[in-house]
Amino acid sequence: QFSWNIMLSILSQSGHLDRAEKFFTGMPRRDVASWTAMLVAYAKSNRIDRAKLLFDQMPERNTVSWNAMICAFARSGDFERALGLFRAMDLEGARPDRVTFVAILDACGQSLAMELGMWIHAELLAAGFQGEITISTALVEMYGRLGKIEDARRAFDRATGIGGAGGDAVLWAAMLAAYAINHSPSQAREFFENTPPRLRSSVSWTTMVTAYARAGDLHAARQLFDKIPRKN
RNA sequence: CUUAUUGAAUCG
């Protein structure tokens, strides 16, 4: 069973939707993973409608299947349906996990659904997902997009811990982006300078450079660009 | 840490 599923995911990841489809229908046995893999294959080819059809036809659904479908909607920009599915999970007794929450927080941020976002935030605290770094990053990103920079910062501070130097490069880049979106480049720059080099990535650099460029300060952009270490 | 789903910028 494992090997069939592996074969199926190889086919879909290499973009052979038609072959994946044939393989899927020809499989001697199909478990939840097989159905979900096929669903994702459709979604990646932008056949969201087909994906949803498969989702509805699945003999059983687990959290991963729900996540896959929610992510598919979110990726296609259909945040309404993504959020709708999230609500429907409860009714079918599927429990959201950290992947669900990250996807939903992202959808909230992109659709500027502040009310719901804050509600979700409370939900995940209650569910005990507080400490997950991907969750923290998603919170920072969402609040940043919503213009709630203080809330973004609060989530960030909790994630970086006592010394304030915890977390990873993704978290720090997300916080930087939150500043860059909501404040002047110099404000963002201050945060950038206070970022431990270990937690700076090429993403931090490009975020900072484009912040200057967007503000029209091409000189500062160029100057910073020239300071980027070779490896980045 | 390889059977399915998830976190950051730019450009393509």
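FYI, side chains are in, hydrogens and waters are out, and symmetry mates aren't considered; it's all heavy atoms of this structure. Every chain is numbered from 1 and lettered A, B, ... according to where its sequence line falls, protein lines coming before strand lines. In this text, all values refer to a predicted model and were calculated from it rather than measured experimentally.
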Visitor: Are the side chains of A:E92 and A:W66 in touch, meaning some heavy atoms are under 4.5 Å apart?
Guide: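 Yes; the side chains approach each other to less than 4.5 Å.
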Visitor: In terms of hydrophobic clustering (I, L, V, M, F, W, Y; side-chain heavy atoms under 4.5 Å; direct or indirect links), are A:V64 and A:M58 co-clustered?
Guide: no
Visitor: Using the six-membered ring wherever Trp is involved, compare the ring planes of A:F191 and A:F156 and label them parallel, tilted or perpendicular (cut-offs 30° and 60°).
Guide: perpendicular
Visitor: Within the structure shown, what part of the strands sits under 4.0 Å from A:A37 by heavy-atom distance: base, sugar-phosphate, or nothing?
Guide: sugar-phosphate
Visitor: Suppose you measure atom P in B:rU6 against the same atom in B:rC1; what distance do you get, rounded to whole Å?
Guide: 16 Å
Visitor: May I ask you to say what A:N62 touches in the nucleic acid, namely base, sugar-phosphate or nothing, with a heavy-atom cut-off under 4.0 Å?
Guide: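 The residue A:N62 makes base contact.
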Visitor: Which of residues 210-232 of chain A sit near RNA chain B, with a heavy atom under 4.0 Å from it?
Guide: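 A:T210, A:R214, in order of number.
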Visitor: Which part of the nucleic acid, if any, lies within contact of A:L176, taking any heavy atom under 4.0 Å across all strands shown: a base, the sugar-phosphate backbone alone, or nothing?
Guide: nothing
Visitor: Treating Ile, Leu, Val, Met, Phe, Trp and Tyr as nodes and any side-chain heavy-atom pair under 4.5 angstrom as an edge, say whether A:M69 and A:L53 lie in one connected cluster.
Guide: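 No, no single cluster joins them.
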Visitor: With sequence neighbours left out, what residues match A:R222 under side chain to side chain donor-acceptor pair (under 3.5 Å)?
Guide: A:D226
Visitor: Hey, would you say the A:H121 and A:Y143 ring centroids sit under 6.0 Å apart?
Guide: yes
Visitor: Give A:V40 one of three labels, base, sugar-phosphate or nothing, depending on what nucleic acid heavy atoms sit under 4.0 Å from its own.
Guide: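 Contact class for A:V40: sugar-phosphate only.
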Visitor: Students often get this wrong, so: under 4.0 angstrom with heavy atoms, is A:T207 touching a base, only sugar-phosphate, or nothing?
Guide: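 Sugar-phosphate contact only - A:T207 comes under 4.0 Å of backbone atoms but never of a base.
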Visitor: Looking at A:K52 and A:D56, does any basic side-chain N land under 4.0 Å from a carboxylate oxygen?
Guide: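 Salt bridge: yes.
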Visitor: Check every nucleotide of RNA chain B for an atom under 4.0 Å from a heavy-atom of chain A, then give the first and the last such nucleotide from 5' to 3'.
Guide: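 Terminal contacting nucleotides, 5' to 3': B:rU3 to B:rU10.
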Visitor: Would you call A:E150 and A:R154 a salt bridge, using N to O less than 4.0 angstrom?
Guide: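 A salt bridge is absent here (no side-chain N lies under 4.0 Å from a carboxylate O).
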Visitor: Does a side-chain N-to-carboxylate-O contact under 4.0 Å join A:D106 and A:R145?
Guide: yes
Visitor: Scan A:A68 against the nucleic acid and name what it touches under 4.0 Å (heavy atoms): base, sugar-phosphate only, or nothing.
Guide: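 The answer is sugar-phosphate, as A:A68 gets under 4.0 Å only of primed atoms, P, OP1 or OP2.
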Visitor: With a 4.0 Å cut-off on heavy atoms, is A:S204 in touch with a base, just the backbone sugar-phosphate, or nothing at all?
Guide: nothing
